[in-house]
Amino acid sequence: MPELPEVETTRRGIAPHVEGREIVEVIVREPRLRVPVPGDLVDRLVGARLGPLARRAKYLLFPIAGATPASLLWHLGMSGSLRIARLGELPKKHDHLDLVLDDGAILRYHDPRRFGFVDWLAGDVELDPRLARLGPEPLSEAFHGERLHRLSRGRRLAVKPFLMDSGVVVGVGNIYAAEALFLAGIDPRRAAGRIGRERYARLAAAVQEVLAAAIAQGGTTLRDFVGGTGEPGYFRQRLNVYGRDGAPCRRCGGELRRVTLGQRSSVFCPRCQT
DNA sequence: CCGACAACCTGTGAGC
DNA sequence: TGCTCACAGGTTGTCG
């Protein structure tokens, strides 16, 4: 259920424990993830050393130290989480995979819905088809209102699913799309092509603001998300609209409403968002 | 190319 | 306590 802030929180939490470490054992308890765990993954990983942990969109990238470039590509799907466990800590239900490190720490993957996956990625990361067509990082200079304006011309799609399109900008999922549209005062049902430059500038700024704030709070824990150190995120109490359907708007006091857009539930304030 | 929709899978909370 | 239904943080593929 991780969106960008939760993946980034995970990266920051586990990085100090995995970087520079050698993998001494790999335990696969359940290989049936969204992409089945490759049969040769264990052999490839045992004895490998991990480089600096990176993130692209909602993917975590674990570079494998060595002459030929290779990485572990890890996606947490809807319900996945990675955390550091101590040697001897018993796995719980849905703890599908362990990387045992040379200092005794364990990188443990938990994922009830199994929408996430781990895959071996040989060669240049940016050439992988899963990453090649991704839009810019929302917190980079390449993301701005002008891009949203340009890509949306002629589109009748509602602005919320437009904003969640990974070719437009990465990392903005259902929670933060709803929150950014609230901050920008834009109705999530509005056709993307019928929003002007000025409002898109505000929307881009709102996306950056909400993502940065969520990262600072360690992400949003709705149910079971925990960062790499096992701590929940504290952004939930700052949510203005997500999950608050029927509750009063924090800005105008009016009743928040829920609609479905692009098969995702979308809460907004009919008075503040036009 | 665009947009709508189904699918992948398990858990939880609401309502009866 | 138990059943059934709707719904949940993401992504990919198909179809018109």
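By convention in this document, chain letters (A, B, ...) are assigned in the order of the sequence lines, proteins followed by strands, and residues within each chain are numbered from 1. Because the structure is a prediction, the values reported are computed rather than measured.
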Worksheet item: Can you tell me how far P of C:dG10 sits from OH of A:Tyr59, to the nearest Å?
Response: 12 Å

Worksheet item: When all nucleic acid strands are considered with a 4.0 Å heavy-atom cut-off, which category describes A:Phe235: base, sugar-phosphate, or nothing?
Response: nothing

Practice prompt. Examine B:dG11: is either OP1 or OP2 under 4.0 Å from a nitrogen or oxygen in the side chain of A:His94? Give yes or no.
Written response: yes

Worksheet entry | Strand partner of B:dC9, provided both Watson-Crick or wobble distances fall under 3.5 Å | none

Response to the item:
Here the distance between atom P of C:dT11 and atom CG of A:Leu76, to the nearest Å, is 10 Å

Worksheet item: On a plain distance test, is the side chain of A:Gln263 in donor-acceptor contact with the base of B:dA6 below 3.5 Å?
Response: yes

Discussion item. Exactly one of A:Arg86, A:Arg83, A:Arg108, A:Lys92 should register a salt bridge (charged side-chain N to carboxylate O under 4.0 Å, His left out) with A:Asp98. Which one does?
Written reply: A:Arg108

Item to complete: For A:Glu30 and B:dC8, give me the distance from atom CD to atom P, rounded to whole Å.
Response: 16 Å

Worksheet entry | Among C:dT11, C:dC7, B:dA4, the nucleotide that comes nearest once only the side chain of A:Arg34 is considered | C:dT11

Worksheet item: If you find the nucleotide of DNA chain B closest to A:Arg113 and the one closest to A:Leu157, which residue's nucleotide is nearer the 5' end?
Response: A:Leu157

Practice prompt. Quickly work out the A:Arg55 CZ to C:dG10 P distance and round it to whole Å.
Written response: 14 Å

Response to the item:
note: A:Met164, atom CE; C:dG10, atom C1'; distance rounded to Å ~ 8 Å

Discussion item. Considering every strand and a 4.0 Å limit on heavy-atom distances, what is the contact class for A:Ser166: base, sugar-phosphate, or nothing?
Written reply: nothing

Worksheet entry | Between C:dA6 (P) and A:Asp245 (CG): distance, integer Å | 16 Å

Discussion item. Donor-acceptor pair, distance only, cut-off 3.5 Å: does the side chain of A:Ser265 make one with the backbone of A:Thr260?
Written reply: no

Response to the item:
So CG of A:Asp43 and CG of A:Leu45: to nearest 0.5 Å the spacing works out to 9.5 Å

Item to complete: Examine the base of B:dT10 for any acceptor or donor lying under 3.5 Å from a partner atom in the side chain of A:Arg114, and report the outcome as yes or no.
Response: no

Worksheet item: A:Phe115 stacking on B:dC8: centroids under 5.5 Å, ring planes under 30°?
Response: yes

Practice prompt. Identify whether any heavy atom of A:Tyr242 sits under 4.0 Å from a base atom; if not, whether one sits that close to sugar-phosphate; answer base, sugar-phosphate or nothing.
Written response: sugar-phosphate

Worksheet item: Atom CG of A:Asp111 and atom P of B:dG11: how far apart are they, to the nearest Å?
Response: 11 Å

Practice prompt. Tell me what A:Arg32 touches on the nucleic acid: a base, only sugar-phosphate, or nothing, going by heavy atoms under 4.0 Å.
Written response: nothing

Worksheet item: Strictly under 6.0 Å, is that where the ring centroids of A:Phe62 and A:Trp74 end up?
Response: yes

Item to complete: Check whether any side-chain N or O of A:Lys93 sits under 4.0 Å from OP1 or OP2 of B:dT10, and answer yes or no.
Response: no

Worksheet item: So does A:Arg264 get a side-chain nitrogen or oxygen closer than 4.0 Å to the phosphate oxygens (OP1/OP2) of C:dG10?
Response: yes

Discussion item. Please report the interatomic distance CG(A:Asp111) to CG(A:Leu82), rounded to the nearest 0.5 Å.
Written reply: 9.5 Å

Discussion item. Less than 4.5 Å apart, side chain to side chain, heavy atoms only: is that true for A:Glu30 and A:Val37?
Written reply: no

Worksheet item: To the nearest angstrom, how far is A:Arg189 atom CZ from B:dG3 atom P?
Response: 18 Å

